[in-house]
Participant: 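The structure is given below, and queries will be raised subsequently.
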Amino acid sequence: MKLPALEVVDARSRHACLAATTFDEASAILEHHASALGTETVSLRDCVGRVLASPVYSQIDAPRTHVSAMDGYAVDDADLDRGVAVFDLVGESFPGNPLAKQLGVGESVRIFTGAPIPAGSIRVIPQENASLTGTKVTFSDYGGLKRHIRTCGSDFKAGDVLLETGALIEPRHLVAIAGGDAATTTVARQPSICFVATGDELSEPGRANFSNQIPESISHSLAAFVEQWGGRTVASHILPDEPTMIANAVRDGLANADVIVMIGGASKGSRDFAKAALQPLGLILHFSEVAMKPGKPIWYGRIGRTHILGLPGNPTAAITTARLFLAPLIHALVGRPYRSALDWIHVPTRSAISRGDGRDQFLCAQWHEGYVSASVRQEASSQIMLVCSNALLRRRRFAEMADPGTSTEVLLI
C-alpha cells in the first residue's frame, strides 16, 4: 500500500494548525499497519461478539428425518383414499423417542411436534380435527393438501454453510450453529489491550475527595469501549509523570498486549514523558500530532509487533480519538475492514455551523430524529459533554459555513 505524502499546512492560511499530518493521512498510516492477529477456537458460550474466521458447516441434516410439524395423528393417505373412517391407534411417537412400528392398513399413531414420522404414514392430521374414543380415532377434516410434515433436510443439510467467514457472531446465530451440531467455532483472536494513564494529578475514582488529585476518568470508559469493539483489557495502570515507571509498565505490557494505549503525557509540557519514556524500548513513531480538533496530540508507533497508540489526556479529546483511531484499529486486528468502523452517515444539521480552519474538526453532537445538532460547548477537557452526545460531526479542513439543513458527515459514538 502506498501511503499518501504528508501535506504541510501553510501556516499563513487561516488559523492553520502546524501539525503536518492530516486526519486522513494518519488514518491511512494506521490502516497500513493494522492486520488480523490470527485465529483461535472457542466454545459456543464464548463466541458471541467474535468475528468468524472460517465458515461454519452443518454436521447433520435438519431435521434429521421427516418430522411432524404439529401435534396430531400420523396416517397414510392411501387409507383415506380407501375411505377408512375409523382408525386404530397403535402407539405414540415423541421427539427423540420415535415409534419403530410401521403402520398397517387403517392404523394411526399419536404424534407430537418434532417427532419422527413413522414408516407407512405421509400425513399428520392436527389433533383439533380428531376425536379419540378408547383406541379408535376419527377425523372431521383431513387437511387437504397440507400434510404438516417437515421433510428431512428442509432447514439445512449436512455440509451446508450456516455462517460465512467474517460474520460478527450474534446470539441469534447460535441457533443455527448449535442446530448444525457444531460445538465450537474458529474466530479471529481478540486483541489484548493495556492502558497506561499518566499524570501526577491522577487518582483512582473514589479517592480524589481525600486529596488534591483528579479522578482518572478515561481508562474505565475505554476499557468498556474496547470490549464493545471486540478487544479485551489485560492491564490498566495509573502512573505519575515518571519516565522509569512509565517505561517499566510498557515493558511489562509488551509481553502480553497487542495494543498499548497511552493516555496523556503526549503534549510538549515539561512533564509529558509518554513518547520519550518509550524510546529506549525501541519505539518507532509513524505519526505524531495530527491536524485535528480535538485530539492534535494523538500519536502512533510500534515497538516490535505491539501497536502503541497515544491519546490526549483531556477526556473529550481522548474519547473522540479513541472512536476515530482505536475502534478501527481493533476492527482490523480482528479481521474486519478498518474502514467499516468509520461508517459515516450524512445527516442534515439543525443549526448553522461556522466555517472550518486548517484542521479536521470533530464536534460532539446529538443525532436525533434524522437531524444532528452540534453541542454548544466544544471543550476537549469536558466530561459532561460526553453524557449529552451520541455522535461526532465532522467538519473537514477549510469547510465553508454550513446553513441549517446542510448535509453533514456524522459518526455515531
Side-chain angles (χ1 to χ4, degrees), residues 23 26-27 193 195-199 201-209 213-233 236-238 259 261-267 274 290 292-300 309-331 341-345 347 349-351 353-354 356 359-396 408-413:
F23 169 74
S27 290
I193 317 293
F195 292 103
V196 180
T198 64
E201 73 281 10
L202 301 178
S203 73
E204 284 282 0
R207 298 179 182 176
N209 195 38
Q213 293 184 300
I214 298 171
E216 198 285 301
S217 61
I218 299 172
S219 60
H220 295 278
S221 173
L222 290 182
F225 177 89
V226 160
E227 183 175 339
Q228 181 183 42
W229 283 94
R232 60 189 181 94
T233 300
S236 185
H237 307 278
I238 301 176
V259 181
V261 178
M262 307 293 295
I263 304 170
S267 295
V290 176
M292 61 185 293
K293 182 181 180 181
K296 176 185 173 184
I298 189 171
W299 57 277
Y300 168 74
L309 183 64
L311 304 182
N314 280 324
T316 293
I319 300 304
T320 296
T321 50
R323 180 62 183 87
L324 296 170
F325 291 96
L326 183 56
L329 172 59
I330 294 173
H331 244 214
L342 299 174
D343 47 349
W344 299 95
I345 58 176
V347 179
T349 179
R350 285 195 183 276
S351 55
I353 306 175
S354 60
R359 299 164 291 186
D360 277 283
Q361 297 181 54
F362 299 92
L363 308 178
C364 283
Q366 298 83 40
W367 178 65
H368 182 62
E369 295 182 347
Y371 286 84
V372 65
S373 302
S375 301
V376 175
R377 294 174 59 186
Q378 294 293 331
E379 302 171 7
S381 61
S382 177
Q383 298 168 105
I384 194 63
M385 189 164 63
L386 294 168
V387 175
C388 305
S389 304
N390 64 359
L392 295 176
L393 189 159
R394 181 179 183 179
R395 295 289 288 156
R396 291 180 178 265
T408 57
E409 293 176 277
V410 171
L411 183 68
L412 301 183
I413 58 175

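Being a predicted model, the structure only gives us computed values, none of them experimental. Hydrogens, waters and symmetry mates are skipped; everything else that's a heavy atom, side chains included, is used.
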Participant: Which heavy-atom pair separates S217 from P315 by the least distance, and what is that distance?
Facilitator: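 That would be OG-CG, 4.1 Å.
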Participant: Do other residues, nucleotides or ligands put more than 12 heavy atoms under 6.0 Å from W367 CH2?
Facilitator: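 Incorrect, the count does not exceed 12.
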Participant: What's the shortest heavy-atom distance between I413 and A391, and which atoms?
Facilitator: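 Smallest interatomic distance, heavy atoms only, reads CG1-N, 3.4 Å.
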Participant: Looking at F23, is its backbone amide N or carbonyl O close enough to the side chain of R359 to form a donor-acceptor pair, meaning the two atoms are under 3.5 Å apart?
Facilitator: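 Between the backbone of F23 and the side chain of R359 there is no qualifying donor-acceptor contact (under 3.5 Å).
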Participant: Taking side-chain contact (heavy atoms from CB on, under 4.5 Å) as the test, write out the residues that go with H368, two or more places apart.
Facilitator: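 H368: no side-chain contact (heavy atoms from CB on, under 4.5 Å) contacts found.
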Participant: Keeping E204 on the side-chain end and E216 on the backbone end, is there a donor-acceptor pair under 3.5 Å?
Facilitator: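 No; zero donor-acceptor contacts below 3.5 Å.
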Participant: Any donor and acceptor pair, going by atom type alone, linking the side chain of E409 with main-chain N or O of L411 inside 3.5 Å?
Facilitator: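 Between the backbone of L411 and the side chain of E409 there is no qualifying donor-acceptor contact (under 3.5 Å).
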Participant: Any donor-acceptor pair under 3.5 Å linking the side chain of S375 with the backbone of C364?
Facilitator: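 Side chain of S375 to backbone of C364: a pair is present.
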Participant: Give me each pair satisfying salt bridge (charged side-chain N to carboxylate O under 4.0 Å, His left out) with a member in residues 361-371, each pair once, sequence neighbours excluded.
Facilitator: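 As it turns out, there is no salt bridge (charged side-chain N to carboxylate O under 4.0 Å, His left out) pair with a partner in residues 361-371 once direct neighbours are skipped.
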Participant: About how many Å separate CG of L202 and CD1 of I238, when rounded to the nearest 0.5 Å?
Facilitator: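 Going from CD1 on I238 over to CG on L202, the span is 6.5 Å.
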Participant: Testing R395, R394, K293 one by one against D360 for a side-chain contact (heavy atoms from CB on, under 4.5 Å), which residue passes?
Facilitator: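 Single pass found, and it is R394.
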Participant: Closest approach of P294 and T321, non-hydrogen atoms and distance?
Facilitator: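 Here P294 and T321 meet closest at O-CG2, 4.3 Å.
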Participant: Test your reading of the model: is there a side-chain donor-acceptor pair from E227 to the backbone of T233, 3.5 Å cut-off?
Facilitator: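 Judged by distance alone, no pair lies under 3.5 Å.
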Participant: What's the shortest heavy-atom distance between M292 and I298, and which atoms?
Facilitator: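 Distance-wise, the nearest heavy atoms are SD-CG2, 4.2 Å.
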